[in-house]
Undergrad: 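Once you've had a glance at the structure underneath, I'll fire off some questions.
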Amino acid sequence: MRSVRLNYYHENGAGQPPRALVIRVDNKNDEPAFIHVLDTPLTPSKDEMGTGQRATLLFLTRKKANLGYIVSIPPKNHVTLSRQVMNAGELVTGFVEILELQGRPLQLTALAE
């Protein structure tokens with residue numbers, strides 16, 4: 001079993017059109033995969049420091065309680081774990097921890113749309 005933890009942060013500049021930060025997992029293999037996901041996406045905010053502090057506290061609380069959910073990813077497919085839309089001047093931040101339970105290596109992608 002492999003695990004990965006991603007702490008992400010993206011800020012949409014002032015005067016910019018709405019953008020989305022997307023977190024997805026791709027299964028490029030010929031067999032299904034199963035993962036355990038622990039995530040803490042927060043709503044978009046303009047409060048850079050407070051948002052990061054809340055995301056960290058929420059992640060550590062959920063990690064200690066062993067919370068999360070199981071996701072099945074079909075062969076040659078992907079799942080979107082999070083899509084957070086932010087307006088001009090807003091930011092998104094959070095954590096996602098993925099534990100591969102069954103299947104071959106997967107690809108984790110974070111992208112701004």
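All residue numbers refer to positions in the sequence shown, counting from 1.
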Undergrad: Do the non-hydrogen side-chain atoms of Arg5 and Phe59 ever get within less than 4.5 Å of each other?
TA: yes

Undergrad: Hey, are the side chains of Pro32 and Pro74 touching, using non-hydrogen atoms and a 4.5 Å cut-off?
TA: no

Undergrad: After noting the C-alpha distance and the side-chain angles of Thr56 and Thr40, does the key distance pass the side chain to side chain contact (heavy atoms under 4.5 Å, CB included) rule?
TA: CA-CA 8 Å; Thr56 302; Thr40 60; over 6 Å; no

Undergrad: Which atom names give the shortest non-hydrogen contact between Pro105 and Asn29, and what distance separates them?
TA: O-ND2, 3.0 Å

Undergrad: When you compare the side chain of Arg54 with that of Leu57, does any pair of heavy atoms fall below 4.5 Å?
TA: no

Undergrad: Is it the case that one hydrophobic cluster holds both Ile98 and Val71, taking links as side-chain heavy atoms less than 4.5 Å apart, direct or via other members?
TA: yes

Undergrad: State plainly whether one hydrophobic cluster holds both Val37 and Val92, where clusters connect Ile, Leu, Val, Met, Phe, Trp and Tyr through side-chain heavy atoms under 4.5 angstrom apart.
TA: yes

Undergrad: How long is the span from the CG atom in Leu21 to the OH atom in Tyr8, to the nearest 0.5 Å?
TA: 6.5 Å

Undergrad: Just verifying a value: how many Å separate Asn87 CG and Gln16 CD, rounded to the nearest 0.5 Å?
TA: 12.0 Å

Undergrad: In terms of hydrophobic clustering (I, L, V, M, F, W, Y; side-chain heavy atoms under 4.5 Å; direct or indirect links), are Tyr69 and Ile73 co-clustered?
TA: yes

Undergrad: Give a yes or no answer on whether the side chain of Thr80 reaches the backbone of Ser82 with a donor-acceptor pair at less than 3.5 Å.
TA: no

Undergrad: Hey, any chance Leu106 and Leu99 share a hydrophobic cluster, counting ILVMFWY side chains that come within less than 4.5 Å of each other, even indirectly?
TA: no

Undergrad: Of Ile23, Val4, Val25, which is the lone residue that meets side chain to side chain contact (heavy atoms under 4.5 Å, CB included) with Val96?
TA: Ile23

Undergrad: Grab the two heavy atoms, one from Asn27 and one from Glu31, that are nearest each other, plus how far apart they are.
TA: ND2-O, 2.9 Å

Undergrad: Looking only at heavy atoms, what is the nearest atom pair of Gly94 and Ala55, with distance?
TA: CA-CB, 4.0 Å

Undergrad: Who passes side chain to side chain donor-acceptor pair (under 3.5 Å) against Arg83, sequence neighbours left out?
TA: Glu113

Undergrad: Is there a donor-acceptor contact under 3.5 Å from the side chain of Glu11 to the main chain of Gly89?
TA: no

Undergrad: Within a strict 4.5 Å, meaning less than it, do heavy atoms of the Phe95 and Leu6 side chains meet?
TA: no

Undergrad: What I'd like to find out is whether the side chain of Lys63 reaches to under 4.5 Å of the side chain of Leu38, using heavy atoms alone.
TA: yes

Undergrad: When you look at CD of Gln53, are more than 12 heavy atoms from neighbouring residues, nucleotides or ligands closer to it than 6.0 Å?
TA: no

Undergrad: Can you tell me how far apart CD (Gln84) and OG1 (Thr93) are? Round to the nearest 0.5 Å.
TA: 8.5 Å

Undergrad: Which heavy atom of Asp47 sits nearest a heavy atom of Thr51, and at what distance?
TA: O-OG1, 2.6 Å

Undergrad: Using the side chain to side chain contact (heavy atoms under 4.5 Å, CB included) rule, take Glu48 and Tyr9 through it: C-alpha gap first, then chi angles, then the decisive distance, then the call.
TA: CA-CA 10 Å; Glu48 184 174 330; Tyr9 170 95; 3.5 Å; yes

Undergrad: Examine distances only and state if a side-chain atom of Lys28 and a backbone atom of Lys76 form a donor-acceptor pair shorter than 3.5 Å.
TA: no

Undergrad: Within the distance-only criterion (no hydrogens, no angle test), does the side chain of Asn77 pair as donor or acceptor with the backbone N or O of Asp26 below 3.5 angstrom?
TA: no

Undergrad: Would you compute the distance between atom CE of Met86 and atom OG1 of Thr43 and round it to the nearest 0.5 angstrom?
TA: 12.5 Å

Undergrad: Ile70, Val79: one ILVMFWY side-chain cluster at the under-4.5 Å cut-off?
TA: no

Undergrad: Rounded to the nearest 0.5 Å, what's the gap from OG on Ser72 to CG on Leu101? Could you check?
TA: 10.5 Å

Undergrad: For the atom pair CZ (Arg19) and CG (Asn12), what is the distance rounded to the nearest 0.5 Å?
TA: 5.0 Å

